[in-house]
Amino acid sequence: MADESNGLLSRREALRRGAVGTGVLIGSSWLVACGDDGPSSGGGGGGASADIGRPITSGTLAPFNPNAPAGARPDLPAVIADAMDNDREHAQAVRNGIAAGAEARGVELITANADGDSAKNIAQLEQFLARGVGALVINPIDAAAQAPVMRRALERGIAVLSIVTPPATMMVNADQTLVGKTLGDRAANHIRTVLGGRANVVILNQDTVEAVRPRFVAIREAVRAAGGTIVADIEPRTTDKEAAFATMSTILQKNPKIDVVLGADAVSLGALAAIEAEDKARPDMFIGGIDGEPEALAAIEKPNSPYKASVAFGEPIFAFPFGFYTAEWLAGRSIPQGVEVKALALDSPAAIASFKADIADPKAVWDDPARRDKYVALYGNISWETRGRYLDYIWTP
């Protein structure tokens with residue numbers, strides 16, 4: 001049931017709003033160390049080790065060892081909280097993956113949506129801590145503002161599961177330079193082969209998010225090398241279609257002819273809407289995005305569409321272990337510290353069809369190593385007993 005007073009949604013409501021298929025994963029092929037016992041809802045017993053370890057501030061992580069020994073377990077409720085940055089398709093897909101993993105292990109999921117508002121996000125995180133949770137999912141909005149709350153959660157033994165920002169028990173990240181290069185190279189090829197080596201380029205960046213800034217460095221390098229002229233390089237107020245529509249409308253007043261637009265799918269879709277509203281969309285344009293959002297994929301599949309490519313991560317697949325490993329954390333078992341997300345370029349109907357089949361059933365993907373390895377790789381080990389060894393830097397695969 002939704003709690004309208006504080007914006008929290010229960011696991012049941014999250015699933016009702018679109019969570020993908022679930023199933024019991026006990027004993028599945030990808031987690032050899034998993035046993036049949038799930039976490040208690042607070043009161044599992046077990047004392048803390050004399051040495052919980054110290055934060056890791058740099059370096060690489062060894063591959064995850066699923067057979068690492070278990071230790072003491074925390075006295076925390078079997079609840080995972082997802083602090084959504086907004087309700088765009090990317091965020092919904094992350095939530096759905098968490099919901100599927102949580103449902104598989106009997107963990108309750110609650111969510112809150114900050115609508116891109118940092119102050120609202122911090123208030124919701126504080127609500128989660130006051131309520132009591134076993135794991136906290138952090139989506140990047142304002143890393144500096146979020147970090148103190150994340151540290152308090154870590155001090156309480158709560159598993160902090162973060163997308164790209166430290167400090168975190170488990171961090172999801174990609175090679176951000178490669179992400180940007182994957183999109184930038186496709187745009188560059190289009191500039192060379194279709195646009196004759198000349199193009200007016202708009203980049204809708206996310207440079208205030210330090211962890212993903214390398215994407216846009218790589219995008220700029222690629223389009224400039226192909227002869228593109230960057231006529232606008234700006235970050236919309238929020239990462240959504242509405243803000244991007246307004247930003248692109250302003251850009252078009254000064255630069256009526258735009259050939260290439262690059263950014264996250266949410267902002268690239270907003271930019272496309274603004275271009276279409278001005279009747280300036282052309283089949284030879286290259287509009288591309290990052291995140292593999294369903295609306296972007298639908299746009300790519302349309303004949304003669306300006307939207308040419310999206311770099312996808314398979315959010316339900318990389319978010320699935322958040323829900324699953326919460327149960328492991330609460331049982332005192334070792335979980336991965338780093339989840340590498342691999343970037344996939346979706347620029348054809350065949351690639352999109354395969355991707356859609358995989359994200360519709362993340363359990364099946366995790367049960368099949370060949371399919372799973374296309375999307376993720378796991379690194380490092382940490383348990384509640386060694387909880388002080390959290391990542392205190394932006395870990396990059």
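In what follows, residues are counted from 1 in the order of the sequence shown.
Ion pair Lys363/Asp361 not flagged as a salt bridge, since none of the NZ, NE, NH1 or NH2 atoms sits closer than 4.0 Å to an Asp/Glu carboxylate oxygen. Salt bridge annotation for Arg151-Asp392: present, with a cationic side-chain nitrogen under 4.0 angstrom from a carboxylate oxygen. With salt bridges taken as basic N to acidic carboxylate O contacts below 4.0 Å, one links Glu328 and Arg105. Classification of Arg131 and Glu108 as a salt-bridged pair holds, one side-chain N sitting under 4.0 Å from a carboxylate O. Salt bridge present: Glu301 and Lys356 bring a charged side-chain N and a carboxylate O closer than 4.0 Å. Electrostatic pairing of Lys241 and Glu295 counts as a salt bridge here, judged by a charged N lying under 4.0 Å from a carboxylate O. One finds no salt bridge joining Asp373 and Arg371 here, because no Lys/Arg side-chain nitrogen approaches an Asp/Glu carboxylate oxygen to under 4.0 Å. Salt bridge annotation for Asp291-Arg88: present, with a cationic side-chain nitrogen under 4.0 angstrom from a carboxylate oxygen.
Side chains of Asn200 and Asn255: no donor on one and acceptor on the other come within 3.5 Å. Side-chain contact, Gln337 with Asn381: no donor N or O sits under 3.5 Å from an acceptor N or O. In this structure, a donor-acceptor pair under 3.5 Å is absent between the side chains of Ser310 and Glu293. In this structure, a donor-acceptor pair under 3.5 Å is present between the side chains of Ser162 and Thr165. Between the side chains of Asp117 and Asn86, no donor-acceptor pair of N or O atoms lies under 3.5 Å.
Put simply, NZ on Lys280 and CD1 on Ile258 are 9.5 Å apart, with the number rounded to the nearest 0.5 Å. With rounding to the nearest 0.5 angstrom, the NE2 atom of His90 is 11.0 Å from the CD1 atom of Ile290. Once rounded to the nearest 0.5 Å, the distance linking CZ of Phe216 with CG of Leu262 reads 9.0 Å. Atom-to-atom distance recorded for Met248:CE and Leu269:CG is 13.0 Å, nearest 0.5 angstrom. The line from CG of Asp207 to CG of Asn205 is 3.5 Å long, rounded to the nearest 0.5 Å.
Judged by distance alone, with hydrogens and angles left aside, the side-chain atoms of Arg237 form no donor-acceptor pair with the main-chain N or O of Thr247 at under 3.5 Å. Under a 3.5 Å cut-off, the side chain of Arg387 and the backbone N or O of Trp384 do form a donor-acceptor pair.
In Glu210, the CD atom is not crowded: 12 or fewer heavy atoms of neighbouring residues, nucleotides or ligands sit closer than 6.0 Å. In the displayed structure, Arg54 atom CZ is contacted under 6.0 Å by at most 12 heavy atoms of other residues, nucleotides or ligands. Shown here is Arg192, whose CZ atom has more than 12 heavy atoms of other residues, nucleotides or ligands within 6.0 Å. Counted within 6.0 Å of NZ on Lys342, heavy atoms from surrounding residues, nucleotides or ligands total more than 12; the atom is thus considered enclosed.
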>> Between Arg282 and Asp259, is the salt bridge (charged side-chain N to carboxylate O under 4.0 Å, His left out) condition met? List the steps.
In response: CA-CA 8 Å; Arg282 312 186 315 270; Asp259 303 299; 2.6 Å; yes
>> What verdict does the salt bridge (charged side-chain N to carboxylate O under 4.0 Å, His left out) test give for Asp233 and Arg224, after you've listed the backbone C-alpha separation in whole Å, the side-chain angles of each residue and the deciding distance to 0.1 Å?
In response: CA-CA 13 Å; Asp233 190 346; Arg224 283 175 176 148; 5.3 Å; no
>> salt bridge (charged side-chain N to carboxylate O under 4.0 Å, His left out), that's the test. Do Asp347 and Lys308 meet it? Break it down for me.
In response: CA-CA 6 Å; Asp347 54 8; Lys308 297 296 194 295; over 6 Å; no
>> Pair Arg152, Glu126 - check salt bridge (charged side-chain N to carboxylate O under 4.0 Å, His left out), show working.
In response: CA-CA 10 Å; Arg152 289 205 304 278; Glu126 296 285 7; 2.3 Å; yes
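In terms of hydrophobic clustering, with Ile, Leu, Val, Met, Phe, Trp and Tyr side chains grouped at heavy-atom distances under 4.5 Å, Leu183 and Leu178 are assigned to different clusters. Hydrophobic clustering, with ILVMFWY side chains joined whenever heavy atoms are under 4.5 angstrom apart, groups Ile234 together with Leu272. If you chain together hydrophobic residues whose side chains sit under 4.5 Å apart, Ile191 and Ile230 fall into the same group. One hydrophobic cluster, built from ILVMFWY side chains closer than 4.5 Å, cannot hold both Phe322 and Met171; they sit in different ones. Cluster membership for Trp329 and Leu391, using ILVMFWY side-chain heavy atoms within less than 4.5 angstrom, is not shared.
In this structure, Met170 and Val339 have side chains that are in contact, with non-hydrogen atoms separated by less than 4.5 Å. When side chains are defined from C-beta on, Leu378 does not count as touching Pro63, because their heavy atoms never get closer than 4.5 Å. Two residues are said to be in side-chain contact when any heavy atoms from C-beta on lie closer than 4.5 Å; Asp142 and Asn121 fail this criterion. Ile141 is not listed as a side-chain neighbour of Val209, based on a closest heavy-atom distance of 4.5 Å or more. Inter-residue side-chain proximity for Asn173 and Val341 is flagged as unmet; no heavy-atom pair is nearer than 4.5 Å. Side-chain contact between Asp358 and Ile317: present, with at least one pair of heavy atoms (C-beta onward) separated by less than 4.5 Å. Between Ile335 and Ser383 there is no side-chain heavy-atom pair separated by less than 4.5 Å. Side-chain contact between Ile158 and Leu129 is present, with heavy atoms from C-beta onward closer than 4.5 Å.
Ring geometry, Phe64 versus Tyr325: the interplanar angle exceeds 60°, so the pair is classed perpendicular (tilted spans 30 to 60°). Classification of the Phe286-His190 ring pair by plane angle, with boundaries at 30° and 60°, yields tilted.
A distance below 6.0 Å separates the ring centres of Tyr379 and Trp395.
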